[in-house]
Amino acid sequence: MKLIINTTTLSGTGVTQVAVSFIYECIAFPENTYHVFLSKTVSKEIKILDFPDNFHFYQFENHPLYGLKGFFTRKQLRNLESTINPDIVFSVFGPSCWTPKSKHITGFANSYYVYPESPFFKRISSKDFLRINLMKIAHRFFLKRNGKYFICETDDMSKRLAVFLHIDPSHIFTVSNTYNRYFEINSTSAKERLLPEPDKNEYRLLSLASFDIHKNLTIINEIIPIWDKKNIGKDIKFILTIDPVKYEQYFTDEAKSRIINLGRVDVKDCPQLYSESDALFLPTLIESFSANYPEAMKMEIPILTSHYSFAKSICENAALYFDPLDPEDIVSKIIQIITDKKLSEQLVYNGKERIKAFGNAGIRAKRYLDVFKSI
């Protein structure tokens, strides 16, 4: 196949990681020719000298949507497509804000548009609610206008996208996200510790996430007083990786006594952080896909997370679920996973079985390419 990989709209951390991972994994499929359109953000993560001669890279300085610069970017995209004449154009995440003449498949991962029932929308300001809904209208228009085929990261998201766009479900494919390649190659036992040695009765709950409203991390402020009243005989520590300024601003002194905040952690160090933690704690209100789930499964620690469909469609029986808005329920589930060793072991075992469905980054790349061939 002659393939255009379009990343010109990407700037966020998560979507950039997926795009960069896919581009690198394509090296293992030399039968194809790859023409890669790079945004400034993605370009910083790509070392062009790593790639063989069947890869061709094109740098784009501007987003294809905005203003006069966007107009010239779209013109450049059209001209390049005409010259390359690809079999398929893959916009890793959309909307692409550009309509190729070739067959076009777009990745979709915007949970805000397909989970309107999420309590997240009750937590944001009226201004943000209006902004998201205006973008929702615009993006629905561009998604339908720019292409015919779509890829989502979960079956739940694929079903919801068909309803959102009012399109034939057969035009939507599911290719799961997965853990980063560092979880394959890292030797955690040989690395220096990232956390201090735990106390004898300490149980560590890892929340590997930035500080965003939908991550719901401030629920820890409500969990700690309830925990302390219970006299469990076990100390819990929450391991956070959020901006230090936001940590100081949004967490109580009582909560801080039970938190270790590391600030931003490099992706390559994440396996080590999992190895020093006892469980993954993700009280999120809305997600398209969180790589934390397969990462925890890969690192063989149990998962505690929200009881919403996006989480259950990913984890199935490999997680213990709670109501993320009910600190009493969260505390009861933490107690359950600490005190019931068989439950914890079963969740880990279920995770080892469940992760087979995700595969690794190489398998994900092959699944993408298989979808392109089918189209």
*Show your working on side chain to side chain contact (heavy atoms under 4.5 Å, CB included) between Phe251 and Leu217 and close with a plain yes or no.*
CA-CA 9 Å; Phe251 291 88; Leu217 293 175; 4.1 Å; yes
*Check against side chain to side chain contact (heavy atoms under 4.5 Å, CB included), Phe238 and Ile260*: CA-CA 6 Å; Phe238 291 92; Ile260 299 173; over 6 Å; no
*Show your working on side chain to side chain contact (heavy atoms under 4.5 Å, CB included) between Leu273 and Glu295 and close with a plain yes or no.*
CA-CA 11 Å; Leu273 191 52; Glu295 288 168 359; over 6 Å; no
*Determine, step by step, whether Phe108 and Leu165 satisfy the side chain to side chain contact (heavy atoms under 4.5 Å, CB included) criterion, reporting the C-alpha distance in whole Å, the side-chain angles of both residues, the deciding distance to 0.1 Å, and the verdict.*
CA-CA 11 Å; Phe108 179 82; Leu165 295 181; over 6 Å; no
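Between Arg367 and Asp370, no side-chain nitrogen of the basic residue sits less than 4.0 Å from a carboxylate oxygen of the acidic one, so the salt-bridge criterion is not met. Look at Lys159 and Asp155 and you find no salt bridge, because none of the NZ, NE, NH1 or NH2 atoms lies under 4.0 Å from a carboxylate O. The pair Glu254-Lys229 fails the salt-bridge criterion, with no side-chain N (NZ, NE, NH1 or NH2) lying under 4.0 Å from an Asp/Glu carboxylate O. Salt bridge Arg258/Asp235: present, at least one basic N to carboxylate O contact under 4.0 Å.
The two residues Cys97 and Arg74 make their nearest non-hydrogen contact at O-CD, 3.2 Å. The two residues Thr154 and Thr174 come nearest to each other via the heavy atoms C-CG2, 3.5 Å. Residues Pro283 and Pro324 come closest through the heavy atom pair O-CB, 3.5 Å.
Other residues, nucleotides and ligands contribute at most 12 non-hydrogen atoms within 6.0 Å of the NZ atom of Lys69. More than 12 non-hydrogen atoms from other residues, nucleotides or ligands lie less than 6.0 angstrom from NZ of Lys136. Within a 6.0 Å sphere centred on CZ of Arg145, other residues, nucleotides and ligands contribute 12 heavy atoms or fewer. The neighbour count for Asp266 CG, taken as heavy atoms of other residues, nucleotides or ligands under 6.0 Å away, is above 12.
Cluster membership for Tyr203 and Val331, using ILVMFWY side-chain heavy atoms within less than 4.5 angstrom, is shared.
Contact annotation: the side chain of Tyr368 never approaches that of Leu3 to less than 4.5 Å [non-hydrogen atoms, C-beta and beyond]. Here the side chains of Thr33 and His56 are in contact, with some heavy-atom distance below 4.5 Å. Proximity of Asn110 to Phe164: side-chain heavy atoms (C-beta onward) are nowhere separated by under 4.5 Å.
In this structure, OG1 on Thr218 lies 9.0 Å from CD1 on Ile213, to the nearest 0.5 angstrom.
Aromatic ring centres of Tyr274 and Phe183 lie closer together than 6.0 Å. In summary, the aromatic rings of Phe51 and Tyr24 are positioned with their centroids under 6.0 Å apart. Checked against a 6.0 Å centroid threshold, the rings of Tyr179 and Phe358 do not count as neighbours. Ring centroids of Phe90 and Tyr34 are separated by 6.0 Å or more, keeping the two rings apart.
A donor-acceptor pair under 3.5 Å is formed between the side chain of Asp87 and the backbone N or O of Lys2. Looking only at distances, a side-chain donor or acceptor of Asn32 sits under 3.5 Å from a matching main-chain atom of Met1. Between the Asn261 side chain and the Ile242 main chain, a donor and an acceptor come within less than 3.5 Å of each other. Panel note: side chain Thr178, backbone Gly359; a donor-acceptor pair is recorded below 3.5 Å. At least one donor-acceptor pair closer than 3.5 Å links the side chain of Asn350 to the backbone N or O of Asn317.
In this structure, Tyr149 and Phe173 have tilted ring planes: the angle between them lies in the 30° to 60° band. Ring geometry, Tyr112 versus Phe120: the interplanar angle falls under 30°, so the pair is classed parallel (tilted spans 30 to 60°).
By the 6.0 Å and 45° rule, Lys256 stacks over the aromatic ring of Tyr247.
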